[in-house]
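Contents: one structure, followed by commentary.
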Amino acid sequence: MPHPSSERVLVVPAELFDRLGRFQGFTAECDRYLDALFAPKVASFRPRSEVEDDPSLKQIIPYVAFRCRDALFCYTRGVTQGETRLHRLRSLGIGGHVSEEDASGVATLDAYDLALKRELEEEVEVKSSGRLERVGLINDDGTPVGRVHLGVAHIYDLDAPDVIPREEGLAEAAFLHLTTIQNLRSEFETWSQIFLSACLSTGRPHG
């Protein structure tokens, strides 16, 4: 993968997101949004250094939470994680940008799926069987990071709590009971708090 500053990442026009219905928080209507955002000639790849502070574009980010019954995988973002504005915050989500290299520059939903697979393989080793499901979208316009990103939320339900970090940036990684995570809620990044409230506590997303 190229250095983050030179990486070309997938973005969509915020204006189209507005027309589809901008929301704050979580929506389970991911198919309606993604079908429009990944329509031909809508999504594109731009240098990451140029879009990180540009709210006219939304960077699409896969965001996967691992769940095993009443426990969730969580970690603290270390300084080697790409987004410096999230360092030292707890997170429930594994994921990252969709790079131009993921699908030879073709901005499609297939490229997104390839990026999702790559991010998972790069960041963690999943040693349990399980089921991965796309459950919704996360948007948070209340923070500088959130204003330029749109999260695609997935839940990976595992048969056993067996996920091993591959990156040093996933510090203090462990499966914690939902009650413990709720008590630590204020220590988590905003997307994780939104995801937790929307569907991770019950397993059922709310539209």
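These numbers were taken from a predicted model, which means no experiment stands behind them. All residue numbers refer to positions in the sequence shown, counting from 1.
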Q. Can you check side chain to side chain donor-acceptor pair (under 3.5 Å) on R185 and S197, steps first, answer last?
A. CA-CA 10 Å; R185 180 186 178 88; S197 296; 2.7 Å; yes
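- The pair E123-R166 does not meet the salt-bridge criterion, since no charged nitrogen lies less than 4.0 angstrom from a carboxylate oxygen.
- For the 3.5 Å distance criterion, the side chains of Q59 and H97 qualify, holding a donor opposite an acceptor.
- In this structure, I138 CD1 and C199 SG are separated by 7.5 Å, a value rounded to the nearest 0.5 Å.
- The structure places CG of L176 at 13.5 Å from OH of Y75, a figure rounded to the nearest 0.5 Å.
- Among the candidates Y156, F26, W191, the single residue satisfying the ring-ring contact (aromatic ring centres under 6.0 Å, His included) test with Y63 is W191.
- Between L158 and S128 the shortest heavy-atom distance is CB-OG, 3.9 Å.
- Rounded to the nearest 0.5 Å, atoms CG (D102) and CG (D113) are 10.5 Å apart.
- L57 and F23 fall into different hydrophobic clusters, where Ile, Leu, Val, Met, Phe, Trp and Tyr side chains are chained together by heavy-atom contacts under 4.5 Å.
- No side-chain donor-acceptor contact under 3.5 Å links R32 and T27.
- Scanning all heavy atoms of the two residues, the minimum distance from R8 to P47 falls at NH1-CD, 3.7 Å.
- Taking CG of L137 as the start and SG of C30 as the end, the distance is 5.5 Å to the nearest 0.5 Å.
- Listed here is the closest heavy atom pair of A43 and A107: O-CB, 3.5 Å.
- Across all non-hydrogen atoms, the minimal contact from D54 to S56 is OD1-OG, 2.6 Å.
- Between D110 and T108, the side chains place no donor N or O within less than 3.5 Å of an acceptor N or O (distance only, hydrogens not considered).
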**Q.** E189 vs R77, salt bridge (charged side-chain N to carboxylate O under 4.0 Å, His left out): CA-CA, chis, key distance, verdict
**A.** CA-CA 9 Å; E189 63 192 21; R77 288 187 180 271; 2.6 Å; yes
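- Nearest heavy atoms, V106 versus F45: C-CE1, 3.7 Å.
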Q.
Test salt bridge (charged side-chain N to carboxylate O under 4.0 Å, His left out) on D31 and R134; report intermediate values, then the result.
A. CA-CA 9 Å; D31 289 344; R134 189 167 65 215; 3.5 Å; yes
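- For the side chain to side chain contact (heavy atoms under 4.5 Å, CB included) with L150, the qualifying choice from V11, L37, L34 is L37, the only one to do so.
- Hydrophobic clustering, with ILVMFWY side chains joined whenever heavy atoms are under 4.5 angstrom apart, keeps V145 apart from V9.
- Atoms CZ and CG, on R67 and D157 in that order, are 4.0 Å from each other to the nearest 0.5 Å.
- For the residue pair V124 and F66, the shortest heavy atom distance occurs at CG2-CZ, 3.9 Å.
- For F195 and F188, the distance between ring centers is not under 6.0 angstrom.
- In the hydrophobic clustering of ILVMFWY residues, with side-chain heavy atoms under 4.5 Å counting as a link, L16 and I60 come out together.
- With no hydrogens or angles considered, a side-chain donor-acceptor pair links S129 and D159 at under 3.5 Å.
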